[in-house]
Amino acid sequence: MDSRNPDIIGAPLDRTDGRLKVTGGVRYASEINVPNLVYGVIVNSTISAGSVAGMDTKAAEGSPGVLVVFTPFNMPKLPKQSSMGAGATPAAKKLALLQEPDVNYFLQPIGVVVADTLERATHAASLIKVTYDEKKPLTDLVAHLHEAFSPGQIGGSDKKPADSSENAPTAALHSAPRRVEQIYQTPIENHNPLEPHATIASWDGDRLTVFDATQGIFTTRQRLAGLFGLHDENVRVICHYVGGGFGSKGPVWAHTMLAAMCAKEVKRPVKIALTRAQMFNNTGSRAHTHQSFGVGADDSGKITGIVHDVTNNTSTFDEFPEQATVATRMLYACDSIQTTQRLVRLNLGTPSYMRAPGEAPGTFALECAMDELARELKMDPVELRLKNYAETDPEKKVPFSSKGLRECYQRAAEKFGWDKYKASPDPRSIRDGKWLVGYGMATATYPTNRSQSSASACINADGTALVLAGTQDLGTGTWTVMAQVSAGTLGLPMNKVRFELGDSVLPKTPVSGGSQTAASTGSAVQAACGAVLQKLIAMAVADASSPLHNADPKDVTAANGRLSLAGDPSKGESYAAILTRAGVPRLEVKSESAPDKEEKKKFSMHAFGAQFCEVRVHEDSGEIRIARWVGAFDIGKRLNEKTANSQIKGGVVFGIGMALMEKTVADDRDARLVNPNLAEYHIPVNADVPEIDVIFVDTEDAHINPLGVKGVGEIGIVGVPAAIANAVYHATGVRVRELPLTPDKLLVGAA
Amino acid sequence: MHPFTYSRATDPAAVPGELAEHAHTKILGGGTNLLDLMKMGVERPQRLVDVTRLPLAKIEEIPAGGVRIGALARNSDVAESPLITKNYPVLSQALLAGASPQLRNAATTAGNLLQRTRCYYFYDPAFPACNKRIPGSGCGALEGQNRIHAILGASEACIATHPSDMCVAMAALDAVVQVRGPKGERSIPFKEFHRLPGEHPEHDTTLATDELIYAVDLPDAAWAKNSYYLKVRDRASYAFALVSVAAALAVDGGKIRTARVALGGVAHKPWRSEAAEEKLVGASADEATFKAAAEAALKHAKGYKYNAFKIELAKRSIVRALTQVSGGLQAA
């Protein structure tokens, strides 16, 4: 029986929560109305290294409405084994929870004021006088490159060695007749989701309930349970809507733990909502990457050696390798590839995952170097990529489960009009008045991740269905696509299916990160819906009163809430009729769904894409405008054509920000951040974003997961900065190897 | 935010007396800058006097010539007023180049005159050194992150810039700020309104603490019709200027009769460049003249660690703006 309903799964439906969102009906974590609530305001360090010598809290404690002021000197000690919330993976961060007076970065939490209103807590916090024993902070990655050390491993759940090397790559590189060896750098960036992080924590005896802005309700549950030594079932985490995460809400950060710690002490629900400035350094950032990249080729353009050495900053107390070498290991056919990953400790917050961690900064080096190599070879950069097209994964030495990249190049190039580049590839060869015009392209890739997930599906006697999965919707459309998978699989129209998410009492699901929600939880939802439908069919064929009595279940089809015989649609009956007659109010199945380990061994699983853009650079000012964007993507099946398209567009916009403007700036002398706000930390505004033309190529992939999806949340950003930098070179003849591409870097002849 | 009292002014004439009587009083207009600074703990007034209900929002012709802009005229209203778009396009363009529509709908003319620098070291009290915030504490920017800082007229005490676009246009237009103090009214020529930092960067302007701005007057000037505002910034919209130029030209028989050049983003005040204007007046309106004017304007410029690019950018922007306003040797 084919229960897939192609009319619903994949259809470009409006978001089920769209109307609620645009009319302000959605309640985010910080907006939940909890009775008896009090407000926690975090006090942040104003130095970057040293320790708190003393905190005069007298005025704050006497300030109206204040319940308590916590500092490193009076905060109840956590059990030693809680290790400040840290765990085995890089997602389990070591946190500053007022357990010691040490200060390791600017804006580190050093206190919490709890008061009856936000205003009173904020004011009281400003009355605290802090004295420090200051140390000279470590501020600059490049200045400390000589202190770099190996993290041993990189990656999250899928661990890889920090170094890889095969077949004497350095020798291959240096003997290559054509080669490019350059340093590329990407700066510290912050995610800046629209919704600031927030947590409301309340205790009922030893049971803890938390409303949290998070990408992973079960991660929050696990970390909180670990911190307080509770059973998982005694912690409930609720998150129905997230106003963007981009990785910053993947790990659990200090404010969530502190809210629960404060609530336990004051015996009232406590809310801690971060300010925009407090999100910097405290909720992860993309690390500063210093990337030494070498690629060598023979005269035909065949790549013979690649060496990619990446160093990024981490904090003085925790480690986070920005896995910028991962795409280099698998994107092009070459049997001599060496990559290394190193860390340098600085007095800045611990870096973390940010949209396409690894691939986004890594392909800036890789895909710019490919452009430079194409120029060295006087070869079309698309042709160079096709020349070195990897039919099998050079790292894993297995075929790709599917790979539509060739078609991505072809279709994007055609739609873009890449012939115009080929007709005039020389730098500064195209202009429009004072505006220099350039065309550029880059490859995108992102792995298809999948984790164990679960869901439950229930068909009710009234012919409706309820499908449950704990997962969370970051604003990507999870509410909508899971309802589509449910309806499509159950053979029901959308308005008969209710899908619920965002509560840890629901079936367990993984973190919404690594573009894995559709593959993981989508597969679980599909499995549960398919299973409950089979149960219904089994009931019908076993029921002597059913028109389907004694039919072979394989011959029964499901559509529009009705089971019928495939050969004779007149023979059948509604779901409601079957259940009502049997006196069964509801039929329910809970399913687990896990990645197929054998397929994972046999195949390399990736999404791919090709990014093409036209830029205009003002000859006098160096201002860059992105004029056009065309991207073609192999993301496998789309669960909703419209939300998938939006995800790619959002990724490209994110990439434009990374390319042109985003940079978190620390003072060279003391590591204080100078731009932790949206006035001075620039992200694209509408005027910076052109029409973005998204093409999806259709690939069938029987190995990747039951839904055939490859993930769409991150691939859209990958390659964007390189495509822009390559186009800027074509326009101006200036090669910028350090992001962001601000006007000052394009002012030829300026100091 | 520190506790403060709030009152609403009903009589413009009474405000200066109230200011004189109570120290630590701030006038509240659109609140687009002051309230942010209060939340940051940079401004800590004890009293706020809300003047937004005073009848000072008119934009009207002055019988003797020129246009008077009321202190409370919103930036959006000034930018869209036919009196401004027709007679002073540079001012309309400058206003529309600033902030966002939402902010322009709230921000007032007098508030824009008094907006404070966006210097990082001023804006965040976590930085211990800022002579503008704490006189005598030093300048954090001098050897710090100074990409957005001044290249003209700075001092060892302060290298902050004035963030306004509107004021750059007004500087070029020879505007006059009308103020009222306890002892009466006075007119402050625009170039005397904002200060250079010198030893006292804590004073942005020459306005006395007990004076209320009630209007800005623009002169009756035919040359102002041929004017243009160019703003170069890190993104296409909603960013402060790296460098901006307000330019106006009148050309007669191939020779420049009148010239106005003012720069934004480069100094502690809107930087009127009389040196550039001297090079322009009497010369022919061509690229060589504009380049000479640009060189003259930046002759005494000084770059710091991260902002030296502004010198070249300012020169090119002057040439670009003058080229545009001269009717185009080449379109900008």
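Remember, it's a predicted structure, so these values are computed and weren't measured experimentally. Within every chain, numbering begins at 1; the chains are lettered A, B, ... in the order of the sequence lines, protein sequences first and strands thereafter.
Of the atoms belonging to B/Ser237, heavy atoms from both backbone and side chain fall under 4.5 Å from chain A. In this structure, no portion of A/Ala125 lies under 4.5 Å from any heavy atom of chain B. Heavy atoms of A/Glu119 lying under 4.5 Å from chain B are absent altogether. Contact annotation for A/Ile656: neither backbone nor side-chain heavy atoms come within less than 4.5 Å of a heavy atom of chain B. Only the side chain of B/Arg147 comes within less than 4.5 Å of a heavy atom of chain A; its backbone N, CA, C and O stay farther away. Residue B/Leu230: no heavy atom, backbone or side chain, is found under 4.5 Å from chain A. If you measure heavy-atom distances from B/Tyr121 to chain A, the contacts under 4.5 Å come from the side chain alone. With a threshold of 4.5 angstrom between heavy atoms, B/Lys315 does not approach chain A through any atom at all.
There is no side-chain donor-acceptor pair under 3.5 Å between A/Asn686 and B/Tyr238.
Formation of a donor-acceptor pair under 3.5 Å by the A/Glu680 side chain with backbone atoms of B/Tyr120 is not found in this model. The closest donor-acceptor contact from the side chain of A/Arg669 to the backbone of B/Gly140 lies under 3.5 Å.
Atom CE of B/Met40 and atom OG1 of A/Thr275 lie 8.5 Å apart (nearest 0.5 Å). Note that CG of A/Leu747 and CG of B/Leu242 are 9.5 Å apart. Values are rounded to the nearest 0.5 Å. Atom-to-atom distance recorded for A/Lys434:NZ and B/Arg316:CZ is 9.0 Å, nearest 0.5 angstrom. Separating the CG atom in A/Asn675 from the CD1 atom in B/Ile148 is a distance of 9.0 Å, to the nearest 0.5 Å. Atoms NE2 and CZ, on A/His682 and B/Arg235 in that order, are 4.5 Å from each other to the nearest 0.5 Å. For the atom pair B/Glu312 CD and A/Ser621 OG, the distance stands at 11.5 Å (nearest 0.5 Å).
Chain B forms more heavy-atom pairs under 4.5 Å with one residue of A/Asp688, A/Thr122, A/Leu673 than with any other, namely A/Asp688. Counting heavy-atom pairs closer than 4.5 Å to chain B, the top residue among A/Arg672, A/Glu619, A/Arg625, A/Met661 is A/Arg672. Most heavy-atom pairs under 4.5 Å with chain B: of the set A/Val665, A/Val685, A/Thr46, A/Leu660, this distinction falls to A/Val685.
Side-chain contact check for B/Asp234 versus A/Pro743: some heavy-atom pair is nearer than 4.5 Å. Counting only heavy atoms from C-beta outward, the side chains of B/Lys305 and A/Asp668 approach each other to under 4.5 Å.
Using cut-offs of 30° and 60° for the angle between ring planes, the B/Phe127 and A/Phe106 rings count as tilted.
Around the CD atom of B/Gln46, the shell of radius 6.0 Å holds more than 12 heavy atoms that belong to other residues, nucleotides or ligands. Dense packing is recorded around NZ of A/Lys745, with more than 12 heavy atoms of other residues, nucleotides or ligands lying under 6.0 Å away. Enclosure of atom NZ in A/Lys136 by more than 12 non-hydrogen atoms of other residues, nucleotides or ligands within 6.0 angstrom is indicated.
Looking at residues two or more places apart in sequence or on another chain, you find a salt bridge (Lys or Arg N to Asp or Glu O under 4.0 Å) between B/Lys291 and B/Glu287.
Closest of all the heavy-atom pairs between A/Ser126 and B/His2 is OG-NE2, 4.0 Å. Taking both residues in full, the closest heavy atoms of B/Arg118 and A/Ala679 are given as NH2-CB, 3.6 Å, listed atom of the first, atom of the second, then distance.
Between A/Glu623 and B/Arg320 there is a salt bridge, with a side-chain nitrogen of the basic residue lying less than 4.0 Å from a carboxylate oxygen of the acidic one. Under the 4.0 Å criterion applied to side-chain N and carboxylate O atoms, B/Lys310 and A/Asp744 are not assigned as salt-bridge partners.
Judged as a ring-ring contact (aromatic ring centres under 6.0 Å, His included), the pairs with a partner in residues 658-681 of chain A (not counting sequence neighbours) are, in order, A/Phe280-A/Tyr681.
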